Amino acid sequence: MLTTRPRGTNDILPGEVEKWRYLEDQMRRICREYGYSEIRTPIFEHTELFLRGVGDTTDIVEKEMYTFIDRGNRSVTLRPENTAPVVRAYLEDKLYALPQPVKLYYIGPMFRYDRPQAGRFRQFHQFGVEVFGSDDPAIDAEVMAMSMDFYRRLGLHNLELHVNSVGCPQCRPVLIQKLQEYFRPHLEELCKNCRERFEKNPLRILDCKEPRCGDIGIAAPTTVDCLCSNCSDHFNEVKKNLELMDIAYQEDRRLVRGLDYYTHTAFEIVAPDIGAQSSVGGGGRYNGLVEICGGPPIPGIGFALGIERIILAMQRQNLSFGDAGGTDVFIVTANQAAAGEAVRLLFKIRSAGISADKDYMNRSLKAQMKYAGKAGAGYTVIIGEDELKQGTALVRNMGLGQQESVPLGEVVNFLKEQGLGN
RNA sequence: GUGGGUGUAGCUCAGGUGGUUAGAGCACCAGAUUGUGGCUCUGGGGGCCGUGGGUUCGAGUCCCAUCAUCCACCCCA
């Protein structure tokens, strides 16, 4: 146990961490372009926030939270998602006093006590955005367009954008009633879960994966059948805006989100080739959430993307994560007498903004060359007896296999002339 | 929470029906007439066989438990 990490967590090692940094760079860039500012909230919150915000009948709250009592006897929970915390910050820090809409993004770890499998971990990472203060359908479309734009920039293809409207407090009771009327005669045939859902949240029966429940529900009334005129207009405008941007989507009348706070627009982005956990992102509108959390009735919408799943999908599609970057220059010494000069020169090269390294393992010249080759050094700078006498160094281009003698004082300039450093 | 697969060297894996010093490839380190990497060749270091019990004269191999991991259900990003 001492040397094993907790189940469902990961070490991100050199070689892997560069991918994360590449993705994080892309996230920050697109957020700047779409007008989003970063917000960082705590990793843990008062448990009550998630009970109220996410919904106490959701699976996340009922069985997946890392909740514990701290030394001050407070119940706190490692955040299982970040919409509720951002809403909390929006209220606590009075961001409603800023010009609206307020557009925020976050990148960070989330925690859910799930059974790990492909694309699912107990500590996983999300990139998400939240927009407060506007119920303009154009914002709904923008949030979806932004997420699709993000995937496009990474080079991901074959992704599907599924869109639906789950109604509002006006029309949802109508839908729930109709659904219960429809399913009541079939109650016995439904799976155990769905029989519970029948009472608690009949909407969720629609996206049950049990084949039998699907068959039974095939002719069930769907969300769009019952939308009030407001919701219906809103949904149509959202779709119109997507079309203005040429964002391909499919309307999925059975799409229901697992968190209670969604109203109106709900969407999900699916990658078909990463296994069973195929959802790489999802989100929707949550016009009631700010109020649920004790604030004024302020509308909101957002999305969250799973970073591990994005990496999985990119690897499946053989996509590049940008240049890794490594050592440019390696200093090789032929004898002990050159060691001092190597230290001096190494510092000068690095100070000039060029990545450089030397041997620290007392290797032979030959072994140093080998190591430099494996480290991917573009150049080696060789200092030996002859060089010391002449006050020069041999600068070898490892790619070309050519080398030339350069005065010690000129090595840095010479390397710069080769295009190194910036 | 449920089901199935897998745990042997740093990595990927071999190790018929239990039998003596547990192997390979890759990686690592060193050398191939002593100042030069990639290719090749030679040699070397490395293994509580996941862990704990049990059966047996004897367990990497069989049994039980446990932990980890992978995949699926479920759920979701």
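In this text the structure is predicted, and so the values were computed from the model without any measurement. Protein chains get the first letters and strands the later ones, always in sequence-line order, with residue 1 at the start of each.
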Among [options], which nucleotide sits nearest the side chain of [X]?
{"X": "A:Glu385", "options": "B:C74, B:G35, B:G37", "answer": "B:G35"}
{"X": "A:Ala276", "options": "B:A72, B:C76, B:U69", "answer": "B:A72"}
{"X": "A:Arg363", "options": "B:C29, B:G37, B:C76", "answer": "B:C29"}
{"X": "A:Ile60", "options": "B:A30, B:G37, B:C76", "answer": "B:C76"}

Distance check needed: B:G37 C1' versus A:Asn397 CG, whole Å only.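 Interatomic distance, CG of A:Asn397 to C1' of B:G37: 12 Å.
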RNA chain B contacts made by residues 36-53 of chain A, counting heavy atoms under 4.0 Å: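 Residues of residues 36-53 of chain A that come under 4.0 Å of RNA chain B do not exist, since none gets that close.
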Going by heavy atoms closer than 4.0 Å, what residues in residues 122-130 of chain A are next to RNA chain B?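 The answer is A:Phe124, A:Gln126.
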Indicate the ring-plane relationship of A:Phe132 and A:Tyr90, choosing parallel, tilted or perpendicular according to the 30° and 60° boundaries.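 Correct class here is parallel.
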Is there any salt bridge (charged side-chain N to carboxylate O under 4.0 Å, His left out) pair reaching into residues 367-389 of chain A, and which pairs are they, with sequence neighbours excluded?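 Non-adjacent pairs meeting salt bridge (charged side-chain N to carboxylate O under 4.0 Å, His left out): zero.
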First of A:Gly373 and A:Gly306 reached from the 5' end of RNA chain B, by closest nucleotide: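 Nearest nucleotide further toward 5': that of A:Gly373.
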Pairing residues for A:Asp135 by the salt bridge (Lys or Arg N to Asp or Glu O under 4.0 Å) criterion, not counting sequence neighbours: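 A:Asp135: no salt bridge (Lys or Arg N to Asp or Glu O under 4.0 Å) contacts found.
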Tell whether [X] reaches the base of [N] with its side chain through a donor-acceptor pair below 3.5 angstrom.
{"X": "A:Glu64", "N": "B:C74", "result": "no"}
{"X": "A:Gln368", "N": "B:U36", "result": "no"}
{"X": "A:Arg120", "N": "B:C74", "result": "yes"}
{"X": "A:Glu387", "N": "B:G35", "result": "yes"}
{"X": "A:Arg115", "N": "B:C70", "result": "no"}

So what is the 5' to 3' dot-bracket string for RNA chain B, if pairs are Watson-Crick or G-U wobble with both distances under 3.5 Å, crossing pairs use [ ] and | means the partner sits on another strand? (((((((..((((.....[...)))).(((((.......))))).....(((((..]....))))))))))))....
Given the ring of A:Phe414, does A:Lys416 sit roughly above its face, with NZ or CZ under 6.0 Å from the centre of the six-membered ring and within 45° of the axis?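 A:Lys416 over A:Phe414 ring: no.
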Not counting sequence neighbours, list each pair that qualifies as a ring pair (Phe, Tyr, Trp, His ring centres under 6.0 Å) and has a residue in residues 329-359 of chain A.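 Every ring pair (Phe, Tyr, Trp, His ring centres under 6.0 Å) pair that includes a residue of residues 329-359 of chain A, provided the two are not neighbours, is A:Phe330-A:Tyr371.
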